[in-house]
Amino acid sequence: MRWVAQTLTIAAFLSLAACGDDPASPEAPPTFRIEVSGELFLVQVEDPDQVSALESRLASGTEGVITGPLVAGDGGFNAPWSWHMDPQSVEVADLAIELCDGRPSMVEADLPYWLDTVGQFCPWGATVVERVS
């Protein structure tokens, strides 16, 4: 009788665990790998127009500005960096001020300054090198 109870407990656990596999669960936003001066970082993008803009940059190989507000933490996608761009606000831009231009390692090296004073990252020579997901 004990094995029946154990089997039912395991079955209940497995059916609860399967709830996370609901096909209606929202997908993560598309993720793109960006190269700047030989350094890589990742962005996720929620806006469909900006997804298209990044895909166009990927297809053409065009170098330019990718900008977005900085947020502390890797966001679950930008490891090993301890920052990420806000997926709701990443943009492909024609121009940006020099203050937010730089390399990912510059942001990492002085993160409090970038988060609290600059507030965003806008590397001018950014190239979209891959759509990761």
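- Nearest heavy-atom pair across Tyr113 and Leu99 is OH-CD1, 3.5 Å.
- Closest approach of Ile66 and Pro123 over heavy atoms only: O-CD, 3.2 Å.
- No donor-acceptor pair under 3.5 Å is formed between the side chain of Glu46 and the backbone N or O of Pro48.
- Listed for the Glu108 side chain is a donor-acceptor partner under 3.5 Å among the backbone atoms of Ser82.
- With a 4.5 Å cut-off on side-chain heavy atoms, Val65 and Leu95 do not count as touching.
- In terms of heavy atoms, Asn78 sits closest to Leu42 at OD1-N, 2.7 Å.
- Nearest heavy atom pair, residue Ala28 against residue Gln44, reads CB-NE2, 4.2 Å.
- At distances below 3.5 Å, at least one donor-acceptor pair connects side-chain atoms of Asp101 with backbone N or O atoms of Trp124.
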Report, one line per pair, each donor and acceptor closer than 3.5 Å where one atom sits in a side chain of residues 125-133; sequence neighbours left out.
{"unit_1": "Glu130", "atom_1": "OE1", "unit_2": "Arg33", "atom_2": "NE", "d": "2.9"}
{"unit_1": "Glu130", "atom_1": "OE1", "unit_2": "Arg33", "atom_2": "NH2", "d": "3.4"}
{"unit_1": "Arg131", "atom_1": "NE", "unit_2": "Ser133", "atom_2": "O", "d": "2.9"}
{"unit_1": "Arg131", "atom_1": "NH1", "unit_2": "Glu55", "atom_2": "OE2", "d": "2.1"}
{"unit_1": "Ser133", "atom_1": "OG", "unit_2": "Thr31", "atom_2": "OG1", "d": "3.4"}

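- Among pairs with a residue in residues 29-54, those fulfilling ring-ring contact (aromatic ring centres under 6.0 Å, His included) read Phe41-Trp83, Phe41-Phe121, at least two apart in sequence or across chains.
- For Pro104 against Leu40, the heavy-atom pair with the smallest separation is CG-O, 4.4 Å.
- Of all the heavy atoms in Ala93 and Arg57, the pair that sits closest is O-NH2, 3.5 Å.
- The backbone N or O of Gly68 sits nowhere less than 3.5 Å from a side-chain atom of Glu91 that would complete a donor-acceptor pair.
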